[in-house]
2 protein chains.
Amino acid sequence: MEEREHDIYRKFQDLLSSKGVKPSFQRLLILEYIIKNKNHPSAEMIYQQISKNIPTLSRTTVYNNLNLFVKKGILTTLKTSDSESHYDIVDKPHAHFYCSVCGRIIDIDLKMPFFSRTFIQGHKIEEVKIQFLGICKKCLQ
Amino acid sequence: MEEREHDIYRKFQDLLSSKGVKPSFQRLLILEYIIKNKNHPSAEMIYQQISKNIPTLSRTTVYNNLNLFVKKGILTTLKTSDSESHYDIVDKPHAHFYCSVCGRIIDIDLKMPFFSRTFIQGHKIEEVKIQFLGICKKCLQ
DNA sequence: ATTTAATATTGTAATGATTACAATATTAAT
DNA sequence: ATTAATATTGTAATCATTACAATATTAAAT
Ligand SMILES: [Mn+2]
Ligand SMILES: [Mn+2]
Ligand SMILES: [Zn+2]
Ligand SMILES: [Zn+2]
(Lines give C-alpha, C1' and ligand atoms only; values in the text may rest on other atoms or scores of the structure.)
(Ligands and ions follow the chains in the order given, each with its own letter.)
Protein backbone atom coordinates (compact mmCIF):
# COMPACT_ATOMS: atom_id res chain seq x y z
CA MET A 1 0.00 0.00 0.00
CA GLU A 2 3.09 2.25 0.30
CA GLU A 3 6.17 1.37 -1.65
CA ARG A 4 4.89 -0.78 -4.43
CA GLU A 5 1.97 1.43 -5.17
CA HIS A 6 4.28 4.25 -6.05
CA ASP A 7 6.21 2.13 -8.49
CA ILE A 8 3.22 1.22 -10.54
CA TYR A 9 1.04 4.20 -9.85
CA ARG A 10 2.47 6.46 -12.52
CA LYS A 11 2.56 3.69 -15.08
CA PHE A 12 -1.09 2.71 -14.95
CA GLN A 13 -2.97 5.49 -13.24
CA ASP A 14 -3.07 7.54 -16.41
CA LEU A 15 -4.51 4.63 -18.34
CA LEU A 16 -7.23 4.03 -15.77
CA SER A 17 -7.97 7.70 -15.22
CA SER A 18 -8.15 8.37 -18.93
CA LYS A 19 -10.87 5.74 -19.12
CA GLY A 20 -12.73 7.16 -16.15
CA VAL A 21 -11.75 4.43 -13.71
CA LYS A 22 -10.40 5.32 -10.31
CA PRO A 23 -6.99 3.75 -9.78
CA SER A 24 -7.50 1.80 -6.58
CA PHE A 25 -4.76 -0.41 -5.25
CA GLN A 26 -6.58 -3.57 -6.25
CA ARG A 27 -7.22 -2.27 -9.75
CA LEU A 28 -3.62 -1.25 -10.26
CA LEU A 29 -2.39 -4.67 -9.22
CA ILE A 30 -4.86 -6.45 -11.48
CA LEU A 31 -3.82 -4.29 -14.40
CA GLU A 32 -0.15 -4.69 -13.56
CA TYR A 33 -0.43 -8.45 -13.47
CA ILE A 34 -2.13 -8.67 -16.86
CA ILE A 35 0.30 -6.29 -18.52
CA LYS A 36 3.52 -7.64 -17.05
CA ASN A 37 2.66 -11.30 -17.53
CA LYS A 38 1.70 -11.61 -21.16
CA ASN A 39 0.01 -14.91 -20.46
CA HIS A 40 -3.64 -13.92 -20.88
CA PRO A 41 -4.65 -14.99 -17.38
CA SER A 42 -8.04 -16.08 -16.12
CA ALA A 43 -9.81 -14.40 -13.20
CA GLU A 44 -8.72 -17.24 -10.96
CA MET A 45 -5.06 -16.93 -11.99
CA ILE A 46 -5.17 -13.22 -11.25
CA TYR A 47 -6.86 -13.84 -7.92
CA GLN A 48 -4.31 -16.44 -6.87
CA GLN A 49 -1.37 -14.17 -7.67
CA ILE A 50 -2.65 -10.93 -6.20
CA SER A 51 -3.91 -12.68 -3.06
CA LYS A 52 -0.26 -13.00 -2.13
CA ASN A 53 0.01 -9.23 -1.94
CA ILE A 54 -3.50 -8.54 -0.69
CA PRO A 55 -4.53 -11.49 1.50
CA THR A 56 -7.99 -9.99 2.00
CA LEU A 57 -8.65 -9.78 -1.72
CA SER A 58 -12.02 -11.08 -2.81
CA ARG A 59 -12.69 -12.99 -6.01
CA THR A 60 -15.68 -10.74 -6.48
CA THR A 61 -13.38 -7.73 -6.65
CA VAL A 62 -11.38 -9.41 -9.38
CA TYR A 63 -14.50 -10.24 -11.36
CA ASN A 64 -16.02 -6.81 -10.78
CA ASN A 65 -12.95 -5.01 -12.01
CA LEU A 66 -12.26 -7.28 -14.94
CA ASN A 67 -15.82 -6.66 -16.11
CA LEU A 68 -15.39 -2.95 -15.56
CA PHE A 69 -12.12 -2.88 -17.51
CA VAL A 70 -13.73 -4.69 -20.41
CA LYS A 71 -16.67 -2.31 -20.40
CA LYS A 72 -14.28 0.64 -20.43
CA GLY A 73 -12.24 -0.76 -23.29
CA ILE A 74 -9.10 -1.36 -21.24
CA LEU A 75 -9.22 -5.15 -21.54
CA THR A 76 -10.69 -7.65 -23.94
CA THR A 77 -11.77 -11.22 -23.27
CA LEU A 78 -10.49 -14.34 -24.95
CA LYS A 79 -12.65 -17.44 -24.87
CA THR A 80 -10.95 -20.74 -25.48
CA SER A 81 -12.10 -24.32 -25.24
CA ASP A 82 -11.40 -24.25 -21.53
CA SER A 83 -14.14 -23.08 -19.25
CA GLU A 84 -12.61 -19.84 -18.00
CA SER A 85 -12.49 -16.44 -19.66
CA HIS A 86 -9.03 -15.05 -20.28
CA TYR A 87 -8.06 -11.40 -20.39
CA ASP A 88 -5.75 -9.32 -22.53
CA ILE A 89 -4.84 -5.68 -22.59
CA VAL A 90 -6.26 -3.64 -25.47
CA ASP A 91 -3.21 -2.23 -27.13
CA LYS A 92 -1.55 -3.05 -30.43
CA PRO A 93 -3.92 -5.23 -32.48
CA HIS A 94 -2.71 -8.80 -32.75
CA ALA A 95 -3.99 -12.34 -33.21
CA HIS A 96 -3.80 -15.33 -30.88
CA PHE A 97 -2.75 -18.93 -31.17
CA TYR A 98 -4.47 -21.41 -28.86
CA CYS A 99 -2.51 -24.61 -28.30
CA SER A 100 -4.74 -27.62 -27.72
CA VAL A 101 -1.87 -29.50 -26.05
CA CYS A 102 -0.47 -27.12 -23.46
CA GLY A 103 -3.43 -24.74 -23.38
CA ARG A 104 -1.30 -21.64 -23.78
CA ILE A 105 -2.56 -18.54 -25.56
CA ILE A 106 0.27 -17.14 -27.65
CA ASP A 107 0.41 -13.67 -29.17
CA ILE A 108 0.70 -13.65 -32.95
CA ASP A 109 1.94 -10.33 -34.27
CA LEU A 110 0.91 -9.84 -37.82
CA LYS A 111 -0.63 -7.20 -39.98
CA MET A 112 -4.24 -7.63 -38.92
CA PRO A 113 -6.60 -7.87 -41.87
CA PHE A 114 -9.80 -5.85 -41.58
CA PHE A 115 -8.17 -3.77 -38.88
CA SER A 116 -8.85 -0.43 -40.53
CA ARG A 117 -12.31 -1.34 -41.72
CA THR A 118 -15.24 0.15 -39.86
CA PHE A 119 -18.00 -1.68 -41.74
CA ILE A 120 -18.41 -5.11 -43.26
CA GLN A 121 -21.44 -6.03 -45.33
CA GLY A 122 -23.34 -3.21 -43.67
CA HIS A 123 -22.46 -4.18 -40.11
CA LYS A 124 -20.54 -1.73 -37.93
CA ILE A 125 -17.26 -3.25 -36.72
CA GLU A 126 -16.06 -2.36 -33.25
CA GLU A 127 -13.55 -5.13 -32.74
CA VAL A 128 -11.91 -7.91 -34.75
CA LYS A 129 -10.62 -11.10 -33.20
CA ILE A 130 -8.48 -13.61 -35.06
CA GLN A 131 -7.64 -16.88 -33.41
CA PHE A 132 -5.59 -19.79 -34.65
CA LEU A 133 -6.17 -23.21 -33.11
CA GLY A 134 -3.64 -25.99 -33.28
CA ILE A 135 -0.42 -27.25 -31.75
CA CYS A 136 2.22 -24.76 -30.71
CA LYS A 137 5.85 -24.82 -31.74
CA LYS A 138 6.95 -26.11 -28.37
CA CYS A 139 4.45 -28.96 -28.22
CA LEU A 140 5.28 -30.06 -31.76
CA GLN A 141 8.75 -31.23 -30.76
CA MET B 1 -39.02 -42.72 -36.12
CA GLU B 2 -40.44 -43.87 -39.49
CA GLU B 3 -41.34 -41.23 -42.01
CA ARG B 4 -39.16 -38.34 -41.11
CA GLU B 5 -36.10 -40.42 -40.58
CA HIS B 6 -36.19 -41.49 -44.20
CA ASP B 7 -36.35 -37.94 -45.42
CA ILE B 8 -33.21 -36.85 -43.70
CA TYR B 9 -31.43 -40.16 -43.52
CA ARG B 10 -29.79 -40.01 -46.94
CA LYS B 11 -28.84 -36.38 -46.53
CA PHE B 12 -26.84 -36.68 -43.34
CA GLN B 13 -26.06 -40.33 -42.80
CA ASP B 14 -23.12 -40.20 -45.19
CA LEU B 15 -21.66 -37.23 -43.35
CA LEU B 16 -21.95 -38.95 -39.99
CA SER B 17 -20.82 -42.35 -41.26
CA SER B 18 -17.85 -40.84 -43.06
CA LYS B 19 -16.74 -39.45 -39.73
CA GLY B 20 -17.29 -42.72 -37.92
CA VAL B 21 -20.44 -41.65 -36.09
CA LYS B 22 -23.49 -43.88 -36.13
CA PRO B 23 -26.48 -41.98 -37.49
CA SER B 24 -28.99 -42.38 -34.70
CA PHE B 25 -32.32 -40.62 -34.87
CA GLN B 26 -31.34 -38.08 -32.25
CA ARG B 27 -28.05 -37.36 -33.98
CA LEU B 28 -29.70 -36.87 -37.33
CA LEU B 29 -32.20 -34.42 -35.88
CA ILE B 30 -29.49 -32.46 -34.09
CA LEU B 31 -27.47 -32.24 -37.26
CA GLU B 32 -30.53 -31.38 -39.32
CA TYR B 33 -31.44 -28.56 -36.99
CA ILE B 34 -28.02 -26.97 -37.10
CA ILE B 35 -27.70 -27.25 -40.85
CA LYS B 36 -31.19 -26.10 -41.78
CA ASN B 37 -31.32 -23.21 -39.34
CA LYS B 38 -28.21 -21.21 -40.03
CA ASN B 39 -28.56 -19.47 -36.69
CA HIS B 40 -25.65 -21.03 -34.79
CA PRO B 41 -27.81 -22.43 -32.00
CA SER B 42 -26.86 -23.21 -28.44
CA ALA B 43 -27.35 -26.63 -26.87
CA GLU B 44 -30.45 -25.35 -25.14
CA MET B 45 -31.96 -24.00 -28.36
CA ILE B 46 -31.38 -27.36 -30.03
CA TYR B 47 -32.86 -29.19 -27.06
CA GLN B 48 -35.98 -27.03 -27.01
CA GLN B 49 -36.64 -27.55 -30.70
CA ILE B 50 -35.96 -31.26 -30.96
CA SER B 51 -37.90 -31.97 -27.77
CA LYS B 52 -40.99 -31.22 -29.80
CA ASN B 53 -40.23 -34.21 -32.02
CA ILE B 54 -38.68 -36.42 -29.35
CA PRO B 55 -40.44 -35.60 -26.08
CA THR B 56 -38.18 -38.02 -24.20
CA LEU B 57 -35.02 -36.31 -25.41
CA SER B 58 -32.46 -35.60 -22.72
CA ARG B 59 -30.27 -32.55 -22.55
CA THR B 60 -27.39 -34.88 -21.84
CA THR B 61 -27.91 -36.49 -25.23
CA VAL B 62 -27.69 -33.10 -26.89
CA TYR B 63 -24.52 -32.22 -25.02
CA ASN B 64 -22.99 -35.66 -25.58
CA ASN B 65 -23.55 -35.55 -29.30
CA LEU B 66 -22.53 -31.94 -29.77
CA ASN B 67 -19.26 -32.75 -28.06
CA LEU B 68 -18.88 -35.86 -30.18
CA PHE B 69 -19.55 -33.91 -33.39
CA VAL B 70 -16.94 -31.34 -32.45
CA LYS B 71 -14.40 -34.03 -31.66
CA LYS B 72 -15.08 -35.66 -35.03
CA GLY B 73 -14.74 -32.39 -36.92
CA ILE B 74 -18.37 -32.19 -37.97
CA LEU B 75 -19.14 -29.10 -35.92
CA THR B 76 -17.20 -26.21 -34.49
CA THR B 77 -17.99 -24.08 -31.46
CA LEU B 78 -18.48 -20.36 -31.36
CA LYS B 79 -18.01 -18.56 -28.05
CA THR B 80 -19.59 -15.16 -27.70
CA SER B 81 -20.02 -12.82 -24.78
CA ASP B 82 -23.12 -14.74 -23.77
CA SER B 83 -22.67 -17.70 -21.49
CA GLU B 84 -23.65 -20.49 -23.86
CA SER B 85 -21.58 -22.19 -26.53
CA HIS B 86 -22.96 -21.98 -30.05
CA TYR B 87 -22.47 -24.52 -32.81
CA ASP B 88 -21.83 -24.29 -36.52
CA ILE B 89 -21.35 -26.87 -39.22
CA VAL B 90 -17.80 -27.27 -40.52
CA ASP B 91 -18.14 -26.59 -44.20
CA LYS B 92 -17.06 -23.65 -46.31
CA PRO B 93 -14.69 -21.46 -44.28
CA HIS B 94 -16.27 -18.19 -43.28
CA ALA B 95 -16.13 -15.52 -40.60
CA HIS B 96 -18.76 -14.41 -38.09
CA PHE B 97 -20.22 -11.15 -36.96
CA TYR B 98 -21.50 -10.95 -33.38
CA CYS B 99 -24.03 -8.21 -32.78
CA SER B 100 -23.89 -6.80 -29.27
CA VAL B 101 -27.42 -5.45 -29.59
CA CYS B 102 -29.53 -8.35 -30.83
CA GLY B 103 -27.03 -11.09 -29.99
CA ARG B 104 -27.21 -12.70 -33.41
CA ILE B 105 -24.26 -14.49 -34.97
CA ILE B 106 -24.17 -13.65 -38.65
CA ASP B 107 -22.20 -15.49 -41.32
CA ILE B 108 -19.66 -13.33 -43.12
CA ASP B 109 -18.57 -14.83 -46.40
CA LEU B 110 -15.20 -13.54 -47.43
CA LYS B 111 -11.93 -14.85 -48.70
CA MET B 112 -10.51 -16.11 -45.42
CA PRO B 113 -6.97 -14.95 -44.82
CA PHE B 114 -4.58 -17.60 -43.54
CA PHE B 115 -6.98 -20.27 -44.73
CA SER B 116 -4.41 -22.16 -46.79
CA ARG B 117 -1.60 -21.76 -44.29
CA THR B 118 -0.65 -24.77 -42.23
CA PHE B 119 1.92 -23.06 -40.01
CA ILE B 120 2.31 -19.65 -38.45
CA GLN B 121 5.47 -18.63 -36.64
CA GLY B 122 6.28 -22.29 -36.14
CA HIS B 123 2.89 -23.26 -34.73
CA LYS B 124 0.79 -25.85 -36.57
CA ILE B 125 -2.57 -24.42 -37.58
CA GLU B 126 -5.60 -26.70 -37.48
CA GLU B 127 -8.34 -24.10 -37.53
CA VAL B 128 -8.73 -20.36 -38.01
CA LYS B 129 -11.56 -18.36 -36.51
CA ILE B 130 -12.30 -14.77 -37.44
CA GLN B 131 -14.93 -12.87 -35.52
CA PHE B 132 -16.16 -9.34 -35.91
CA LEU B 133 -17.84 -7.67 -32.96
CA GLY B 134 -20.12 -4.68 -33.29
CA ILE B 135 -23.62 -3.65 -34.26
CA CYS B 136 -25.34 -5.42 -37.10
CA LYS B 137 -26.94 -3.77 -40.11
CA LYS B 138 -30.43 -4.33 -38.78
CA CYS B 139 -29.75 -2.90 -35.32
CA LEU B 140 -28.05 0.17 -36.80
CA GLN B 141 -31.29 1.51 -38.22
C1' DA C 1 -33.81 -66.65 -33.05
C1' DT C 2 -31.24 -66.17 -28.50
C1' DT C 3 -27.68 -64.66 -26.09
C1' DT C 4 -24.00 -61.53 -25.43
C1' DA C 5 -21.49 -57.54 -26.05
C1' DA C 6 -21.13 -52.78 -27.45
C1' DT C 7 -23.07 -48.42 -27.89
C1' DA C 8 -26.58 -44.70 -27.17
C1' DT C 9 -29.90 -42.45 -24.47
C1' DT C 10 -31.82 -40.88 -20.34
C1' DG C 11 -32.34 -38.73 -15.57
C1' DT C 12 -30.30 -37.03 -11.65
C1' DA C 13 -26.70 -35.27 -9.08
C1' DA C 14 -22.43 -32.77 -9.00
C1' DT C 15 -19.21 -29.26 -10.68
C1' DG C 16 -17.41 -24.88 -11.37
C1' DA C 17 -17.21 -20.27 -13.24
C1' DT C 18 -19.63 -16.29 -12.74
C1' DT C 19 -23.07 -13.16 -10.77
C1' DA C 20 -26.42 -11.19 -7.26
C1' DC C 21 -26.80 -9.19 -3.19
C1' DA C 22 -26.13 -7.15 1.20
C1' DA C 23 -22.75 -5.55 4.53
C1' DT C 24 -18.63 -3.10 5.42
C1' DA C 25 -14.87 -0.12 4.30
C1' DT C 26 -12.89 3.55 1.84
C1' DT C 27 -12.83 7.80 -0.61
C1' DA C 28 -14.72 12.25 -2.14
C1' DA C 29 -17.89 16.14 -1.46
C1' DT C 30 -20.26 19.33 1.45
C1' DA D 1 -17.16 16.47 10.90
C1' DT D 2 -21.16 14.79 8.14
C1' DT D 3 -22.89 13.04 4.34
C1' DA D 4 -22.87 10.99 0.03
C1' DA D 5 -20.72 8.18 -3.41
C1' DT D 6 -17.91 4.46 -4.59
C1' DA D 7 -15.13 0.16 -3.84
C1' DT D 8 -14.32 -4.03 -1.60
C1' DT D 9 -15.62 -8.06 0.65
C1' DG D 10 -18.11 -12.56 1.84
C1' DT D 11 -21.76 -15.50 1.08
C1' DA D 12 -25.36 -17.36 -1.39
C1' DA D 13 -27.48 -18.14 -5.78
C1' DT D 14 -27.37 -19.03 -10.79
C1' DC D 15 -26.76 -21.59 -14.72
C1' DA D 16 -24.29 -24.05 -18.37
C1' DT D 17 -22.01 -28.12 -18.55
C1' DT D 18 -20.30 -32.62 -17.00
C1' DA D 19 -20.13 -37.04 -14.23
C1' DC D 20 -22.23 -41.00 -13.35
C1' DA D 21 -25.23 -44.86 -13.11
C1' DA D 22 -29.32 -47.03 -14.99
C1' DT D 23 -31.91 -48.27 -18.91
C1' DA D 24 -32.67 -48.93 -23.73
C1' DT D 25 -31.18 -49.84 -28.25
C1' DT D 26 -28.31 -51.75 -31.71
C1' DA D 27 -24.83 -54.99 -33.52
C1' DA D 28 -22.26 -59.36 -33.15
C1' DA D 29 -21.82 -64.01 -31.98
C1' DT D 30 -23.60 -68.32 -31.12
MN1 LIG E 1 -2.55 -11.07 -26.60
MN1 LIG F 1 -21.43 -19.75 -39.55
ZN1 LIG G 1 1.54 -26.08 -26.70
ZN1 LIG H 1 -28.17 -6.79 -34.20
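Labels below follow one simple rule: chain letters A, B, ... track the order of the sequence lines, proteins then strands, and each chain is numbered from 1. As the structure is a prediction and not an experimental result, all values here were calculated from the model.
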May I have the distance from [X] (atom [atom1]) to [N] (atom [atom2]), rounded to whole angstrom?
| X | N | atom1 | atom2 | answer |
| --- | --- | --- | --- | --- |
| B:Ile30 | C:dT10 | CD1 | P | 9 Å |
| A:Asp82 | D:dT17 | CG | P | 14 Å |
| A:Arg59 | D:dA12 | CZ | C1' | 15 Å |
| B:Glu84 | C:dT18 | CD | C1' | 14 Å |
| A:Asn64 | D:dT11 | CG | P | 16 Å |
| A:Gln13 | C:dT27 | CD | P | 15 Å |

With sugar-phosphate meaning primed atoms plus P, OP1 and OP2, does [X] contact a base, only sugar-phosphate, or nothing at under 4.0 Å between heavy atoms?
| X | answer |
| --- | --- |
| A:Glu44 | nothing |
| B:Ser42 | nothing |
| A:Asn67 | sugar-phosphate |
| A:Thr61 | base |

[X] side-chain proximity, nearest of [options]:
| X | options | result |
| --- | --- | --- |
| B:Thr56 | D:dA7, C:dT19, C:dT10 | C:dT10 |
| A:Arg27 | D:dT8, C:dT10, C:dT18 | D:dT8 |
| B:Thr60 | C:dT12, D:dT9, D:dT6 | C:dT12 |
| A:Ser58 | D:dT9, D:dT8, D:dA7 | D:dT9 |
| B:Tyr63 | D:dT18, C:dT18, C:dT9 | D:dT18 |

Side-chain heavy atoms of A:Ile108 within contact of B:His123, under 4.5 Å: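 Yes, their side chains come closer than 4.5 Å.
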* Flag, side chain of B:Asp82 to backbone of B:Glu84, donor-acceptor distance under 3.5 Å -> yes
Exercise for review: State whether the number of non-hydrogen atoms from other residues, nucleotides or ligands found under 6.0 Å of A:Phe119 atom CZ is greater than 12.
Suggested key: yes
Which value, rounded to the nearest 0.5 Å, describes the distance between B:Cys99 atom SG and B:Leu133 atom CG?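 Reported value, rounded in 0.5 Å steps: 10.5 Å.
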Do A:Phe114 and B:Phe132 pass the ring pair (Phe, Tyr, Trp, His ring centres under 6.0 Å) test, and can you show the C-alpha distance, the side-chain angles, and the key distance before you say yes or no? CA-CA 9 Å; A:Phe114 319 110; B:Phe132 299 95; 5.2 Å; yes
